[in-house]
Protein chains: 2
Amino acid sequence: MSKDAKRTTIYDLAKLAEASPSAVSSVLNGTWEKRRISRKLAERVMSLAEEQGYSVNVQASLLRRERSNILGMIVPKYDNRYFGKIAEEFEATARARGFFPVVTCTQRDPDLEFEAAKELVSYRAECLISTGATDPDRISAFCDASGVQSINLDLPGTLAPSVISDNYSAAQELTGLILDRCEKELGWSGPLRFVGGRLADHNTSARLEGFLAEHRKRGIAVPQSYIMATGYSAEKAAIALADFHPEGPAGIFVNSTISLEGVVRWHSGLARGGDEIRYGCFDWDPFGPLLPGNVGMVEQDVSAMLTRAFELIGKTDLSHEQVLIPCKLWPFQAPLARREG
Amino acid sequence: MSKDAKRTTIYDLAKLAEASPSAVSSVLNGTWEKRRISRKLAERVMSLAEEQGYSVNVQASLLRRERSNILGMIVPKYDNRYFGKIAEEFEATARARGFFPVVTCTQRDPDLEFEAAKELVSYRAECLISTGATDPDRISAFCDASGVQSINLDLPGTLAPSVISDNYSAAQELTGLILDRCEKELGWSGPLRFVGGRLADHNTSARLEGFLAEHRKRGIAVPQSYIMATGYSAEKAAIALADFHPEGPAGIFVNSTISLEGVVRWHSGLARGGDEIRYGCFDWDPFGPLLPGNVGMVEQDVSAMLTRAFELIGKTDLSHEQVLIPCKLWPFQAPLARREG
DNA sequence: GTTATATGCTCCATCGATTGCGCATATGTT
DNA sequence: AACATATGCGCAATCGATGGAGCATATAAC
């Protein structure tokens, strides 16, 4: 069975079953009742297929029907829970709806993103979801020219509908939480510092706006130097903070878990122990609640985002609007008083 | 350009270029010099293709050449850095070698694993790499019957070559590290507890052997009740430890970051503060070094594993042996003495 | 007994790209 | 002038599956 150089085709099965290839084909793709094939022949063919280890040649099948069933997704990285969850849920949902999901990871590299998109278009994907793409419009334009639907997730574009988190509101809430906790636990009232992300990036700028709005609401001025959007890198966050040796209380709004790594590294290295530091992070990680000084995290609602994105698939009359999905804010308890234990 | 219901084909381009479809095809797939097509025609075709936004129909192309260029990979989850890195590096390496990587995440579900494998075989993948598959032999047997090569990564099987971490040695080293640190910092000499993983699982049992070997070497007996292989879940690890209220020093060997979450949750909730607890984890996470009590972690050498796996692709004369890849042990510094600061 | 209707299956063109073979025309050789 | 070789390209079969159209035979209706 495993010796055949060539794989079993419907023609082989047809010979064995003494039937025509079209009968075999219709049995195997489930249209045999519509095509009035007898149950007897159908069963013969199916058991032969089983026996011979037959599996359709998808390439041939897809060539003939003009549908690929492929759903493509581009994600920048797999190095945090957010994108990991997106990929997992996307695959599960796609499969549940009869699609073949193909997820590809493009390392935040605009050219790689575009190459991957082109590849997925070559495979005649039904729809391409660009997640956190650095240049979503370039991808949408290309997809458009090839008649492939595209949808933006996480970062918005102007040439396709976009499903994104409500960064502004959640950032404002998180800022409020950190300020409240600083007030309550340290008797100190800001302003906070903003660490991580890229200002050119839509999400970062929306979060910064929320951050500033909450300060404004409370009548707190934020010095320019407090905004440290150092990119998505633990090192850069740690370096940006390296010269910061707080003498008194301080608070930080951390943008993404990757920056959080840098902040926590800095924090744990503080000579004075950093007991008077409070921070919160716009992103979720299961180790977050265990980090000293962390007052809360924002978790983006991946399920809701994907649900909305899937609703858009196949729709053609789309206005290219942004769909905003609220986030969940997880406040953490004040740390157990270790020192007094 | 975006109005065409049908996508541009080589026949359309042939008409526009006043040439034959075969000439167009050879220009577009790079064989035109071998086929003695003039540079002049080639350039005309290429610019027309660009202009028309042409992209090959991979389905048709792959049907004709009997090569798919698809490299499939099955991973159980994207919820930790290990599998995330595997997926990322697999994709990058595959792309660099001219393959089209398709990674699919199967939620540790044996049936889903098998379905995904069947799907990839239908796509005529050149080779399927099963990572951490719960039932790798079932997949290998199926692939074998269809003439598709299969390779096991992370967990070994008997029907295909397997590239796995040297769990035994690394576990023994990690056990030694934890015991040493308990000795040095707490003046206590074990035995340690073993938390997380599944005993039926090859990796867990190899790690447990290394764990026991190191104890044996030091003449330390490990009570049966100290082995708590509660599965891959933070909750279960936390529950298993819930009744454990150490009065004196204690040490834990934690199997995987997912279990580590549970251990750390338990640890941070200890009434006495858990200052006399030391643990280490067989797995890597960037927040690890920042967790109090964590003396070190084992990082599996993803690059080396994938390099070896890629070397096996296309080889047919394979003995189905296991290739062992050494891990890296990262010892962490003793925590800065916060309390005395 | 003749005309509908149902049943069960086959024939064949088709999807788009690839490639062995071969036919012209151009250039070189003696 | 006659022949050899090189250049440039087209023809047509092929990969495997699909599905509209149609052909027998069987059963029902009148």
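Values in this document were obtained by computation on a predicted structure and should not be read as measured data. Here is the naming used below: chain letters follow the sequence lines, and residue numbers restart at 1 for every chain.
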Short side-chain N/O contact to [N] OP1/OP2 from [X], under 4.0 Å:
X: Ser38(A); N: dC9(C); result: yes
X: Asn29(A); N: dA17(D); result: no
X: Tyr54(B); N: dA17(C); result: yes
X: Ser25(B); N: dT18(C); result: yes

From the options [options], select the nucleotide whose nearest atom is closest to the side chain of [X].
X: Arg65(B); options: dC11(C), dA17(C), dT18(C); answer: dT18(C)
X: Ala60(B); options: dA17(C), dT10(C), dG10(D); answer: dA17(C)
X: Ala23(A); options: dT7(C), dT10(C), dA17(D); answer: dT10(C)
X: Asn57(A); options: dG16(D), dT14(D), dC9(D); answer: dG16(D)
X: Tyr11(B); options: dT14(C), dC9(D), dA17(C); answer: dA17(C)

With a 3.5 Å cut-off and heavy atoms only, can you find an N or O donor on one side and an acceptor on the other between the side chain of Arg35(B) and the base of dG20(C)?
yes
Hey, is the side chain of Ser22(B) pairing donor to acceptor with the base of dC11(D) inside 3.5 Å?
yes
Does the pair Thr104(A) and Arg95(B) meet the rule for a side chain to side chain donor-acceptor pair (under 3.5 Å), with working shown?
CA-CA 11 Å; Thr104(A) 179; Arg95(B) 235 181 266 285; 2.4 Å; yes
In whole angstrom, give the distance that lies between atom [atom1] of [X] and atom [atom2] of [N].
X: Ile37(A); N: dA6(C); atom1: CD1; atom2: C1'; result: 14 Å
X: Leu62(B); N: dA17(D); atom1: CG; atom2: C1'; result: 15 Å
X: Gln59(B); N: dT18(C); atom1: CD; atom2: P; result: 13 Å
X: Leu41(B); N: dT7(D); atom1: CG; atom2: C1'; result: 13 Å
X: Lys40(A); N: dT7(C); atom1: NZ; atom2: P; result: 17 Å
X: Leu13(A); N: dG16(D); atom1: CG; atom2: P; result: 12 Å
X: Arg67(B); N: dT18(C); atom1: CZ; atom2: P; result: 14 Å
X: Arg64(A); N: dT14(C); atom1: CZ; atom2: C1'; result: 5 Å

Regarding [X] and [Y], is there a side-chain donor-to-acceptor distance under 3.5 Å anywhere?
X: Ser68(B); Y: Gln59(A); value: no
X: Thr93(B); Y: Arg97(B); value: no
X: Asp137(B); Y: Thr158(B); value: yes

Return whichever of Leu28(A) or Ser20(B) has its heavy-atom-nearest nucleotide of DNA chain D closer to the 5' end.
Ser20(B)
Contact class for Glu66(B) vs. all strands (heavy atom < 4.0 Å): base, sugar-phosphate, or nothing?
sugar-phosphate
At under 4.0 Å between heavy atoms, what does Ser61(A) touch on the DNA or RNA strands: base, sugar-phosphate, or nothing?
sugar-phosphate
Rounded to the nearest 0.5 Å, the CZ atom of Arg138(A) sits from the CZ atom of Phe114(A) at a distance of 4.5 Å
Kindly compute the distance separating CD1 (Ile74(A)) from OG1 (Thr131(A)), expressed to the nearest 0.5 Å.
8.0 Å
